[in-house]
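Before any comments, here is the structure.
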2 protein chains.
Amino acid sequence: MSNSKLYKGSLSTIILKLLAETHKMYGYEITQKVKELTQGELTITEGALYPALHKLEANGFLEVEMQRVDNRLRKYYKLTQAGNQEKVSRIEELERFIETIQGIVNPKPSLG
Amino acid sequence: MSNSKLYKGSLSTIILKLLAETHKMYGYEITQKVKELTQGELTITEGALYPALHKLEANGFLEVEMQRVDNRLRKYYKLTQAGNQEKVSRIEELERFIETIQGIVNPKPSLG
DNA sequence: CAAACATACATAATTTTCTTATGCATAAAA
DNA sequence: TTTTATGCATAAGAAAATTATGTATGTTTG
């Protein structure tokens, strides 16, 4: 992840979310999808992406299926059941974080 | 920062924001304020806080004033002018991040 | 009165998650 | 033929946390 800038920890949540929607994606496709969805705001670097995918797989959240397309190799990933559960809790966590930090950065004036 | 969980990179933004509101705070006070504002959701650990304060100070964003209260030493921090500017751009960055990631996690269904 | 908890600072070792740089390979475009 | 795009991968290093300590004073509590 790069460029716009911060907040390490969100990449694997993004991956899980995209895979929950699209069922099956390969690495390069994920980078392009994120660029598209964010209008170039977020650029997933390969050095961040591939280790993240490998870790999610090692944790049993993703499973892999190789496919050769136009004489190029693709590694398709999809969510396991555990991965789907993980996605749910990661998204909740992210939304809780956003609420929490907005409570600091945009505090609602107290009632009264 | 701990507990609820993630998103490294937001701590110094939080510090800058709190100091912009309260003008002058010491470390322990910041941890308590964050606990209070987030109803315990966010706990700033000392191992994260003090290095972050030192770095902000080294970068010229904070200035320090020591004070002895009840025979205990406090290090009060306040924003410099550069720190106030930095606060503005960090907050903008944070809000851009939140919009960006919500575009992924809560995509608006395309029109039509 | 002793132990626990709260206040107040600090740092060191380690871990997690990135960036940056590099490498390999195929294919299309300039 | 060099650059760009597609597609994977890893290694070195940096940044920002966690976890574990350490020091010191003051208050509460069993």
Side-chain angles (χ1 to χ4, degrees), chain A residues 1-16 24-36 40 42-59 61-62 64-77 90 93-94 97 100-101, chain B residues 1-16 24-36 40 42-59 61-62 64-77 90 93-94 97 100-101:
Chain A
M1 197 149 37
S2 152
N3 218 353
S4 155
K5 282 200 138 171
L6 39 164
Y7 312 120
K8 310 187 174 189
S10 50
L11 175 56
S12 47
T13 305
I14 293 172
I15 293 172
L16 292 170
K24 185 172 127 183
M25 298 181 88
Y26 57 100
Y28 186 76
E29 186 183 9
I30 293 175
T31 67
Q32 301 308 301
K33 186 69 178 177
V34 169
K35 228 186 267 178
E36 178 202 322
L42 254 186
T43 302
I44 309 291
T45 63
E46 298 158 291
L49 177 67
Y50 291 113
L53 286 170
H54 299 161
K55 187 174 180 187
L56 288 169
E57 185 194 353
N59 287 335
F61 300 137
L62 304 185
V64 185
E65 180 195 322
M66 305 293 285
Q67 210 167 306
R68 183 167 293 278
V69 177
D70 289 334
N71 206 34
R72 272 205 209 84
L73 206 59
R74 289 178 183 172
K75 261 177 101 169
Y76 277 96
Y77 289 91
R90 295 284 200 108
E93 196 168 61
L94 174 58
F97 169 76
T100 298
I101 205 160
Chain B
M1 198 149 37
S2 152
N3 217 350
S4 157
K5 283 199 132 166
L6 35 166
Y7 313 120
K8 308 185 176 192
S10 50
L11 176 56
S12 45
T13 305
I14 293 171
I15 294 172
L16 292 170
K24 184 171 126 182
M25 297 181 89
Y26 57 99
Y28 186 76
E29 186 183 8
I30 292 176
T31 67
Q32 300 309 299
K33 185 70 178 174
V34 168
K35 226 186 268 180
E36 177 202 322
L42 257 185
T43 302
I44 309 293
T45 62
E46 298 157 291
L49 176 68
Y50 292 112
L53 287 171
H54 299 162
K55 187 173 181 186
L56 288 169
E57 186 195 351
N59 287 335
F61 300 136
L62 303 185
V64 185
E65 181 196 320
M66 304 292 286
Q67 211 168 306
R68 183 167 294 278
V69 177
D70 290 334
N71 205 33
R72 271 208 208 83
L73 206 58
R74 289 179 183 170
K75 263 179 100 169
Y76 277 95
Y77 290 90
R90 295 285 200 108
E93 195 169 63
L94 174 58
F97 168 78
T100 298
I101 205 159

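Computed from a predicted structure; not experimentally measured. Order of the sequence lines sets the chain letters (A, B, ...), proteins ahead of strands, with each chain counted from 1.
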Does B/Gly27 reach a base, just sugar-phosphate, or nothing at all? Heavy atoms under 4.0 Å.
sugar-phosphate
I'd like to know if B/Lys8 reaches the base of C/dT16 with its side chain such that a donor and an acceptor end up less than 3.5 angstrom apart.
yes
[X] side-chain N/O to [N] phosphate OP1/OP2 under 4.0 Å:
X	N	answer
B/Tyr50	C/dA10	no
B/Tyr26	C/dA8	yes
B/Lys75	C/dA10	yes

Just the rounded figure in Å: distance from [atom2] of [N] to [atom1] of [X].
X	N	atom1	atom2	result
B/Phe97	C/dT17	CZ	P	14 Å
A/Leu42	C/dC18	CG	P	11 Å
A/Tyr77	D/dG7	OH	P	14 Å
A/Glu29	D/dC8	CD	P	9 Å
B/Arg90	D/dA16	CZ	C1'	11 Å
A/Gln32	D/dA5	CD	P	9 Å
B/Asn59	D/dA16	CG	P	10 Å
A/Tyr7	C/dT17	OH	C1'	15 Å

If you count heavy atoms of other groups shown closer than 6.0 angstrom to NZ of B/Lys75, is the number above 12?
yes
Could you list the residues that satisfy salt bridge (Lys or Arg N to Asp or Glu O under 4.0 Å) with A/Glu57, not counting sequence neighbours?
none
According to salt bridge (Lys or Arg N to Asp or Glu O under 4.0 Å), who are the partners of B/Lys55, at least two apart in sequence or on a separate chain?
none
5' priority, DNA chain D, between A/Arg74 and A/Gly47 [closest heavy atom]
A/Arg74
State which residues pass side chain to side chain donor-acceptor pair (under 3.5 Å) with A/Ser12; sequence neighbours excluded, sorted by chain then number.
A/Arg90
Out of D/dA17, C/dC18, D/dA9, which has the shortest distance to the side chain of B/Leu11?
D/dA17
Choose from C/dT16, D/dT10, C/dT20 the nucleotide whose nearest atom is closest to any side-chain atom of A/His54.
D/dT10
Just jot down the side chain to side chain contact (heavy atoms under 4.5 Å, CB included) partners of B/Glu46, sequence neighbours excluded, or say none.
B/Tyr50
Rounded to the nearest 0.5 angstrom, the CD1-CD1 distance for A/Ile44 and A/Ile30 is 8.5 Å
Strand-adjacent residues in residues 65-73 of chain A, judged by heavy atoms under 4.0 Å from DNA chain D:
A/Arg72, A/Leu73
Is the gap between the ring centers of B/Tyr7 and A/Tyr7 under 6.0 Å?
no
